[in-house]
Structure formats: C-alpha cells, structure tokens
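For reference, the structure is listed below as structure tokens.
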Amino acid sequence: MTYVIAVDLGGTKTTVSLLGSSLARNSQIIKKLKHQTHQQRGKKFVITNIIKDIELISQSINKEKLIGIGIAAPSTVDTRKGVVLFPPNLKGWKNVPLRDIIQKKFKMPVTLEND
C-alpha cells in the first residue's frame with residue numbers, strides 16, 4: 001500500500017487526511033484531522049500547524065510508502081510555481097510559496113491547487 005496526504009486549507013477550518021491506496025482498491029481515508037485554521041494568528045502559525053498535522057497523521061506509517069502531499073487552497077494559485085496568490089479569506093497570504101515550504105520540509109512531491 002502507498003499513501004498520500006491531502007490538506008484542505010480553508011479560511012475557517014483546515015483538514016489533513018491520510019489516504020491509502022493499492023492496485024487492488026481505490027483510495028480510502030485512513031485518518032483525518034480537522035481543526036480551526038485561526039488565520040487571524042498569521043500565515044506562519046497556520047503553516048506551522050499544517051506541518052505539525054502532516055507529521056502527526058503520518059506517524060504510524062512507513063514514510064517510504066508516502067508518495068506525496070496535495071494541498072487545496074481557498075485562492076487563485078500559480079500551480080506551476082506552487083504559490084498561493086491572494087486568498088480573500090486568509091489575510092496576509094499574498095504570494096505565499098506554500099508548495100516549496102512544505103516540499104522543503106518533507107522532501108517529497110507536493111501539489112498545490114485551488115480548492
């Protein structure tokens with residue numbers, strides 16, 4: 001089995017899910033963490049919480065089987081550069097290179113898309 005982590009970043013709530021898949025069946029949600037985003041505390045706080053959630057949700061799996069992280073952001077994004085451009089419900093998030101921040105931390109492929 002291989003694993004993927006999905007992050008749904010929202011202005012009010014953030015969800016981080018661990019999905020497992022194999023050739024024999026479709027992806028399934030194995031674990032899910034959901035909490036308030038607390039965007040008013042700033043982007044550094046929110047990004048730190050996303051990183052902590054990714055670490056927590058992946059504790060029980062073989063990290064070699066984790067093949068990537070997908071992030072959905074409530075904003076127009078530059079998918080080529082992995083940048084959150086200007087989300088109206090995340091104050092102070094203009095041109096945030098979220099993909100590169102997460103990719104550098106976890107050293108694996110990260111995809112950033114609009115939710």
Side-chain angles (χ1 to χ4, degrees):
M1 179 175 291
T2 57
Y3 301 94
V4 174
I5 291 177
V7 178
D8 182 8
L9 171 61
T12 57
K13 290 178 270 180
T14 298
T15 304
V16 178
S17 302
L18 176 66
L19 293 87
S21 67
S22 68
L23 294 176
R25 61 176 185 254
N26 293 330
S27 295
Q28 61 184 14
I29 296 173
I30 296 170
K31 287 184 191 177
K32 185 189 282 190
L33 301 172
K34 189 174 189 176
H35 57 80
Q36 295 297 311
T37 302
H38 297 292
Q39 61 87 19
Q40 70 279 8
R41 296 178 82 179
K43 66 185 169 201
K44 184 175 180 179
F45 177 84
V46 174
I47 293 169
T48 298
N49 278 344
I50 291 170
I51 290 168
K52 286 177 184 177
D53 283 349
I54 292 170
E55 290 170 339
L56 182 63
I57 208 162
S58 64
Q59 277 180 326
S60 63
I61 64 166
N62 178 347
K63 302 302 184 290
E64 293 176 7
K65 302 277 186 168
L66 183 57
I67 60 172
I69 299 169
I71 303 171
S75 169
T76 303
V77 297
D78 182 331
T79 56
R80 190 175 58 77
K81 293 181 182 177
V83 174
V84 176
L85 295 175
F86 188 71
N89 55 350
L90 293 173
K91 292 180 182 17
W93 277 69
K94 187 173 182 179
N95 298 320
V96 176
L98 185 58
R99 182 197 63 201
D100 289 350
I101 292 167
I102 301 299
Q103 198 164 272
K104 183 178 179 183
K105 173 67 180 170
F106 294 100
K107 297 175 181 26
M108 70 177 52
V110 175
T111 301
L112 175 68
E113 295 284 342
N114 171 265
D115 65 355

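Note that the structure is a prediction, hence the values are computed from the model and not measured.
- Looking at heavy atoms from C-beta onward, N49 lies out of side-chain contact with T14 at the 4.5 angstrom threshold.
- For the 3.5 Å distance criterion, the side chains of S60 and K31 qualify, holding a donor opposite an acceptor.
- In the hydrophobic clustering of ILVMFWY residues, with side-chain heavy atoms under 4.5 Å counting as a link, L19 and M108 come out apart.
- The 12-atom threshold is not exceeded at NZ of K34, counting heavy atoms of other residues, nucleotides or ligands nearer than 6.0 Å.
- The CD1 atom of I54 sits 13.0 Å away from the NZ atom of K52 when rounded to the nearest 0.5 Å.
- A continuous path of ILVMFWY side-chain contacts below 4.5 Å connects I61 to I30, so both sit in one hydrophobic cluster.
- Between the side chains of H35 and D53, a donor-acceptor pair is found at a separation under 3.5 Å.
- Taking a 6.0 Å sphere around CZ of F45, one finds it holds more than 12 heavy atoms contributed by other residues, nucleotides or ligands.
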CA sep, side-chain torsions, deciding dist, call: V4, I69, side-chain contact (heavy atoms from CB on, under 4.5 Å): CA-CA 6 Å; V4 174; I69 299 169; over 6 Å; no
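- Side-chain N or O atoms of R99 include one that pairs as donor or acceptor with a backbone N or O of K81 at under 3.5 Å.
- If you chain together hydrophobic residues whose side chains sit under 4.5 Å apart, F86 and V46 never meet in one group.
- You'll find the side chain of W93 reaches within 4.5 Å of the side chain of I47, heavy atoms only.
- A single hydrophobic cluster is seen to contain both I51 and V7, as judged by linkage of ILVMFWY side chains at heavy-atom distances under 4.5 Å, directly or through other members.
- For the atom pair Q39 CD and K91 NZ, the distance stands at 5.5 Å (nearest 0.5 Å).
- Among all heavy-atom pairs drawn from K107 and K104, the shortest one is NZ-O, 3.2 Å.
- The line from OG1 of T2 to CD of E64 is 13.5 Å long, rounded to the nearest 0.5 Å.
- Side-chain N or O atoms of K63 include one that pairs as donor or acceptor with a backbone N or O of S58 at under 3.5 Å.
- Side-chain contact between I5 and V16 is present, with at least one heavy-atom pair separated by less than 4.5 Å.
- Of the possible polar contacts, one joining the Q103 side chain to the V110 backbone as a donor-acceptor pair under 3.5 Å is found.
- Looking at T37 and T12, their side chains never bring a donor and an acceptor atom within 3.5 Å of each other.
- Remark: the backbone N or O of I29 is not paired with any side-chain donor or acceptor of K32 at under 3.5 angstrom.
- Taken to the nearest 0.5 Å, the CG atom of L33 stands 12.0 Å off from the CD1 atom of I50.
- Across all non-hydrogen atoms, the minimal contact from G11 to P74 is N-CG, 4.4 Å.
- Residues L66 and F106 have side chains not in contact (no heavy-atom distance under 4.5 Å, counting atoms from C-beta outward).
- No side-chain heavy atom of K43 sits under 4.5 Å from any side-chain heavy atom of L90.
- Using a distance-only test at 3.5 Å, with no hydrogens or angles considered, no donor-acceptor pair links the side chain of E113 to the main chain of G70.
- Atoms CG and CD, from L18 and Q59 in turn, are 11.5 Å apart once rounded to the nearest 0.5 Å.
- Distance check, rounded to the nearest 0.5 Å: OH of Y3 to CD1 of I67 gives 11.5 Å.
- In this structure the side chain of L98 reaches within 4.5 angstrom of the side chain of L9, judged on heavy atoms.
- Considering L112, V77, D115 in turn, L112 is the only one that fulfils the side-chain contact (heavy atoms from CB on, under 4.5 Å) rule with I71.
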